[in-house]
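First the structure, in the form of structure tokens, and then the observations on it.
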Amino acid sequence: MRWSQLFIPTLRENPAEAEVISHQLLLRAGYIRPLAAGLYSYLPLAQRSLRKIAEIIREEMDAIGAQEFYLPELHPAEIWQESSRWEAMGDNMFRLKDRWGREMCLGMTEEEVMTSIARAEVRSYKQLPQIWYQIQTKFRDEPRPKSGLLRVREFTMKDSYSFDLDEAGLDVSYQKHHRAYCRIFDRCGLQYLVVEAHSGAMGGSQSHEFMIPSDAGEDWIAVCPNGDYAANVEKAQSAAVPPAAADPQINAAPEPFATPSRKTIAEVAEFVGLPESSQIKSLVMVAGSKPVLVLLRGDHQLSEAKLASALGSEVRPAHSEEIRQWFGASAGSLGPVGVSNMEILADEALRGRKNMICGANKDDFHLRYVTPGRDFEARYLDLRAAAAGDGCVRCGSALELKKCIEIGHIFKLGYKYSESMGARVLTADGQEKTVIMGSYGIGLERILTSAVEQGHDKDGMCLPAALAPFDLVITPVNISDVSQRQAAENLYADCRAAGLDVLLDDRDERPGVKFKDADLIGIPWRVNIGRKLAQGMVEIVERRSRQSRDVPLPGAAGQIQRLRAEAVK
Ligand SMILES: [Zn+2]
């Protein structure tokens, strides 16, 4: 391709609306343009990268025996109603009606469609296992689209689904995906972590996420510096650090005291002169339509995902009117003593504590000397989100929290869809058996975004060779010099013959402009054709390291081929 004929609309300035690096650079380098909130047009450079990503994914999925489908993204409501996700997806789902008034939606994932095919066509255990995948557009009516391609309303996913006869079969399909994902992300040149993940409110037994540590991310993981434990904070287990002050060891009954206008844990801590860890934090949550009182140590945070898992249902914080109705007090003055109209759940870190402080269920009053097990009964569970400094459950070292971008997720679904939608096969002895499923996703734009987040400098992107829209750019320093122009054309032809994705910068621009643009769009190698041509030499500059070497013009294409093979192996 010749730069003079390509559409690469680079920008000089950082676009004001872009906060994260990948968003800034994808705009500046002419990869993407916004259409509306959370909707982007992919210009030719982005499209070339995304095709390369798709091809890597396709090769590795095919290598584990997965078969590619292409499914509609416009779905009838009925299949989502069968799985009960029509309701559960709420406002996140794009819904519409066709001309006859039939309800439809835009696909968020394809469990329902794949399961509807399996139940109609897969009838015998002899047809199992199956792994089916597609690379397709997905829709999500994101309330706050942001960060460029990271939180959007339309995106591309590889989603696959496995169908097996039993759990042992599902284990095999799951491990195949685990290995395929590692190969995909290795080949994409990404530095990633595999972490244990929350497996959802609706069951599911095992789940891992593939995470890119990055400040642009929106997921947090807890990771042990020894490398023996990493998990999403939603799910991470950890040993809490001891309370900042020891409990008073006196025998005293709960005693109300006035705390005028002190509503938060921090305000009460300051007022009483004791650390936050001496308080019980009381949160009113609603699971389905049932309220539940959740207790945590004052300095701890609730993991809504752990609570949802424990209750087997989605949860939400109660509204202030509901709290007033159930407790006769407002959120800043709540506690467990005397509560009998709802279940009380307490985090494990409250077990064995004595003489703590909590709300009195009377506005502007708290209780002191409250002891769990004596003054109230609760069911104890692990409910808190892991925090930095907590002990690793494997080795006791202090955990670190890292912000991450999730690029892939593998998930043992179990029987949720096959049971609700009736996907069954006949076994060898003629019995009907429900199939067991897994689901596995990869976000293609997130791979590109993560590659930019991990590979950039002040001048632009440094994309991994496997993902870059071109392998190399040939830059004749002075296009009006006939011998430079001819040498560039010859090398361009050599590179094409060698199967390289080559871009020839044939624009009549100053060398500084050409070098700047090449750096910005992130092509791994630049071949400068300038004064040294008189000695038959050209200069190869590696984008990421800025290292340069002079090579003879006739061997330059072969040299790039070797460098590329080394980089993408
Ligand atoms: Zn550890």
Looking only at side-chain N and O atoms, does [Y] offer a donor or acceptor that is under 3.5 Å from a partner on [X]?
| X | Y | value |
| --- | --- | --- |
| Ser397 | Asn226 | yes |
| Lys158 | Tyr181 | yes |
| Asp164 | Ser173 | yes |
| Ser22 | Glu453 | yes |
| His177 | Ser160 | yes |
| Asn490 | Gln486 | yes |
| Thr115 | Tyr161 | no |
| Tyr125 | Asp166 | no |

Below 4.0 angstrom, N of the basic side chain to O of the carboxylate: do [X] and [Y] qualify?
| X | Y | answer |
| --- | --- | --- |
| Arg119 | Glu82 | yes |
| Lys138 | Glu445 | no |
| Arg187 | Glu60 | yes |
| Lys235 | Glu209 | no |
| Arg507 | Asp517 | yes |
| Arg85 | Glu111 | yes |
| Glu142 | Arg151 | yes |
| Arg2 | Asp505 | no |
| Asp457 | Arg544 | no |
| Arg564 | Asp471 | yes |
| Lys532 | Asp550 | yes |
| Asp459 | Lys516 | no |
| Lys52 | Glu55 | no |

Is the backbone of [Y] close enough, under 3.5 Å, to the side chain of [X] for a donor and an acceptor to pair up by distance?
| X | Y | result |
| --- | --- | --- |
| Arg526 | Ala518 | no |
| Asn528 | Gly530 | no |
| Tyr192 | Cys182 | yes |
| Gln127 | Arg123 | yes |
| Arg140 | Glu154 | no |
| Thr137 | Phe155 | no |
| Gln191 | Gln454 | no |
| Thr10 | Arg28 | no |
| Tyr229 | Gln237 | yes |
| Arg543 | Asp519 | yes |

Applying side chain to side chain contact (heavy atoms under 4.5 Å, CB included), run through Met61 and Ile135 and close with a yes or a no.
-> CA-CA 11 Å; Met61 292 306 294; Ile135 297 176; over 6 Å; no

Using the ring of each side chain (for Trp, its six-membered ring), is Tyr174 parallel, tilted or perpendicular to His208, with breaks at 30° and 60°?
-> tilted

Around atom CZ of Arg546, are there more than 12 heavy atoms of other residues, nucleotides or ligands at under 6.0 Å?
-> yes

Any side-chain heavy-atom pair of Gln136 and Leu71 under 4.5 Å = no

Please examine the side chains of Val425 and Leu165, heavy atoms only from C-beta on, and report whether any two atoms are closer than 4.5 Å.
-> yes

Honestly, is Arg33 close enough over Tyr40, meaning NZ or CZ under 6.0 Å from the six-membered ring centre and within 45° of the axis?
-> no

OH of Tyr417 to OG1 of Thr109, rounded to nearest 0.5 Å, is 6.0 Å

Which heavy atom of [X] sits nearest to which heavy atom of [Y], and what is that distance?
| X | Y | result |
| --- | --- | --- |
| Pro524 | Ala465 | CG-CA, 3.8 Å |
| Val435 | Tyr415 | O-CD2, 3.3 Å |
| Thr434 | Ser418 | CG2-OG, 3.4 Å |
| Ile523 | Val473 | CG2-N, 3.7 Å |
| Pro34 | Leu27 | CD-CD2, 3.8 Å |
| Gly148 | Val152 | O-CG1, 3.2 Å |

Could you please spell out the steps behind the side chain to side chain contact (heavy atoms under 4.5 Å, CB included) verdict for Glu218 and Leu150?
-> CA-CA 9 Å; Glu218 296 190 332; Leu150 279 176; over 6 Å; no

His75 and Phe94: ring-ring contact (aromatic ring centres under 6.0 Å, His included), yes or no, with the steps?
-> CA-CA 11 Å; His75 299 174; Phe94 278 105; over 10 Å; no

Could you walk me through whether Asp141 and Arg95 pass salt bridge (Lys or Arg N to Asp or Glu O under 4.0 Å), step by step?
-> CA-CA 10 Å; Asp141 197 356; Arg95 297 158 200 265; over 6 Å; no

Stepwise, does the side chain to side chain contact (heavy atoms under 4.5 Å, CB included) test hold for Leu553 with Leu533?
-> CA-CA 8 Å; Leu553 173 64; Leu533 186 63; 4.1 Å; yes

Please test His198 against Ser207 for side-chain hydrogen bond (donor to acceptor under 3.5 Å, both in side chains), starting from the C-alpha separation and ending with a verdict.
-> CA-CA 7 Å; His198 171 52; Ser207 174; over 6 Å; no

Only one of Phe210, Tyr440, Phe411 clears ring pair (Phe, Tyr, Trp, His ring centres under 6.0 Å) with His178; which?
-> Phe210

I would like to know whether Gln24 and Glu19 meet side-chain hydrogen bond (donor to acceptor under 3.5 Å, both in side chains); could you show each step before the answer?
-> CA-CA 7 Å; Gln24 292 170 5; Glu19 284 167 26; over 6 Å; no

Results of salt bridge (Lys or Arg N to Asp or Glu O under 4.0 Å) for Arg496 - residues two or more places apart only = none

Mind running side chain to side chain contact (heavy atoms under 4.5 Å, CB included) on Asp219 and Met211 for me, showing each step along the way?
-> CA-CA 9 Å; Asp219 283 283; Met211 294 289 208; 3.7 Å; yes

Under 6.0 Å between the ring centres of Phe69 and Tyr133?
-> no

When Lys514 is tested against each of Asp506, Asp508, Ile479, Val477 for side chain to side chain contact (heavy atoms under 4.5 Å, CB included), which residue passes?
-> Ile479

